[in-house]
Amino acid sequence: MLPKKDQFLLPEGVIYLDGNSLGPLPKGASARAQKVIEEEWGIALIRAWNTAGWMDLPRKVGDRVARLIGAPQGSVAMGDTLSIKVFQALAAALKMRPDRKVILSDNGNFPSDLYIAEGLIGTIDKHHELRTPAPENVLDHINEDVAVVMLTQVDYRTGRMHDMAKVTKAAQDAGAIMLWDLAHSAGAVPVDMAASQAEFAVGCTYKYLNGGPGAPAFIYIRPDLVEETRPALSGWLGHDAPFDFDLNYRPAMSTERMRVGTPPILQLATLDAALDSWDDVDMNALRAASVALSEQFIKDVSAACPTLDLISPRDSAERGSQVSFAFEHGYAAMQALIDHGVIGDFRAPNVMRFGFTPLYLDAGDISRAAQIMAKIVNEEIWRDPKYQHKSRVT
Ligand SMILES: *Cc1c(COP(=O)(O)O)cnc(C)c1O
């Protein structure tokens, strides 16, 4: 049943509309971290790799994430950060299409994905080219020059959502590899990797999945492509038998070949605990709740604050689990809002962004948030000089 607020540590008086950027602390994660530190690391020491199941943890957590993205067991590997997983998937995809030189993305993608592509192009140094048309024009740019179509399904700024099945089919009809970034999809919208037939997917776990700051990323390889997938970062834990200490690299015969080095056990453990609240969640029910909360917020805010422009798609079918409004004084307004207990975030140049997370939000939270927003905008509370100071993280 949703919501399940009692499973999260949410500070009194805070309405948290930023779980799309950093999920809140699940109570079980806190207890688990303490156990890992004090009992496992503290007492079992290095024995914990075997006795506390540390060595199996990446695989176990990968299987739990797999269920949430419609991927088969064993097809998801955990580790590193999303930017690194983008690098690995992109490098492997380019190897699969050596005669093609174009990486097609869009100009709504998260900059890190595009930076990684640029860096990889420089590293390979074989005249690849990154193309970034507007998201709505991506289909028109898919052709037989394209090696990889690399897209983030849900736009981090506007919440606009690509049609995964349609784009994947278009990419594959043109002979290109499809790579999806699920950063704003995993735990936000139903995803069916298996049905999509896409070759690769990557994503992070500190957003909707509540794994904690710096929680490890995930990477999915379509199971029939494992053998063809050449790991660009061929570290020892992607080796078939790391403890043979072979001098030559021989990749694992599973998605685990995309692992690199020692897994972040503390972070994996908090993520594992966070995933407990996902076990009985039906993604379609979660989606219905997310749409209801988002629709309510759009209606309430649009009615109360006509000076704000909705920049997310109005049609919920084209939107992920976030809603954004453009407002000239958005930065100051967001600081004022946070100061009044409603936490969202700001994305340059003028976007006020709000995430909807039915695990710990209900209709009452949304109407209160909209009322506070109306007060801040209509009474110009944001004009207070204390709300003008820019922090490093917005
Ligand atoms: C959040 C996000 C990232 C962040 O990458 P990290 O390596 O985890 O810092 C990258 N890409 C997209 C699309 C994101 O939404």
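Keep in mind the model is a prediction, meaning the values are calculated, not measured. Just so you know, ligand 1 is whichever comes first in the structure, and atom 1 is the first atom listed for that ligand. As a basis for the values below, the full set of heavy atoms in this structure was taken, side chains included, without hydrogen atoms, waters or symmetry mates.
Short contacts between ligand 1 and K207, defined as distances under 4.0 Å to a heavy atom of the residue, involve ligand atoms 1 (C), 2 (C), 3 (C), 14 (C), 15 (O). Taking a cut-off of under 4.0 Å to the non-hydrogen atoms of D113, the atoms of ligand 1 that pass are 10 (C), 11 (N), 12 (C), 13 (C). Taking a cut-off of under 4.0 Å to the non-hydrogen atoms of S83, the atoms of ligand 1 that pass are 5 (O), 6 (P), 7 (O). Numbered from 1 in the order shown, with element, the atoms of ligand 1 that lie under 4.0 Å from a heavy atom of T152 read 13 (C). Taking a cut-off of under 4.0 Å to the non-hydrogen atoms of H184, the atoms of ligand 1 that pass are 15 (O). Close approach of ligand 1 to A183 (heavy-atom distance below 4.0 Å) involves ligand atoms 12 (C), 13 (C), 14 (C), 15 (O). Near D181, the atoms of ligand 1 lying under 4.0 angstrom from a non-hydrogen atom of the residue are 11 (N), 12 (C), 13 (C).
Taking the charged nitrogens against the carboxylate oxygens, R67 and D63 have no contact shorter than 4.0 Å, which rules out a salt bridge. Of the charged side-chain nitrogens involved, at least one lies within less than 4.0 Å of a carboxylate oxygen, so that D339 and K386 count as a salt-bridged pair. A salt bridge does not link D276 with K4: none of the charged nitrogens is closer than 4.0 Å to a carboxylate oxygen. In this structure, R64 pairs ionically with D279, as a charged nitrogen and a carboxylate oxygen lie closer than 4.0 Å.
The aromatic ring centres of W278 and Y208 sit 6.0 Å or more apart. You'll find the ring centres of F356 and F354 outside the 6.0 Å limit.
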Exercise for the section: Output, in order, the C-alpha distance, side-chain angles, deciding distance and verdict of salt bridge (Lys or Arg N to Asp or Glu O under 4.0 Å) for R368 and D300. Expected result: CA-CA 10 Å; R368 267 200 309 286; D300 289 0; over 6 Å; no
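Contact annotation: K85 has no heavy atom less than 4.0 Å from any atom of ligand 1.
Contact annotation for L82 and ligand 1: heavy atoms of both the backbone and the side chain come within less than 4.0 Å of the ligand.
Taking each of Y206, F87, Y115 in turn, the one with a heavy atom nearest to atom 8 (O) of ligand 1 proves to be Y206.
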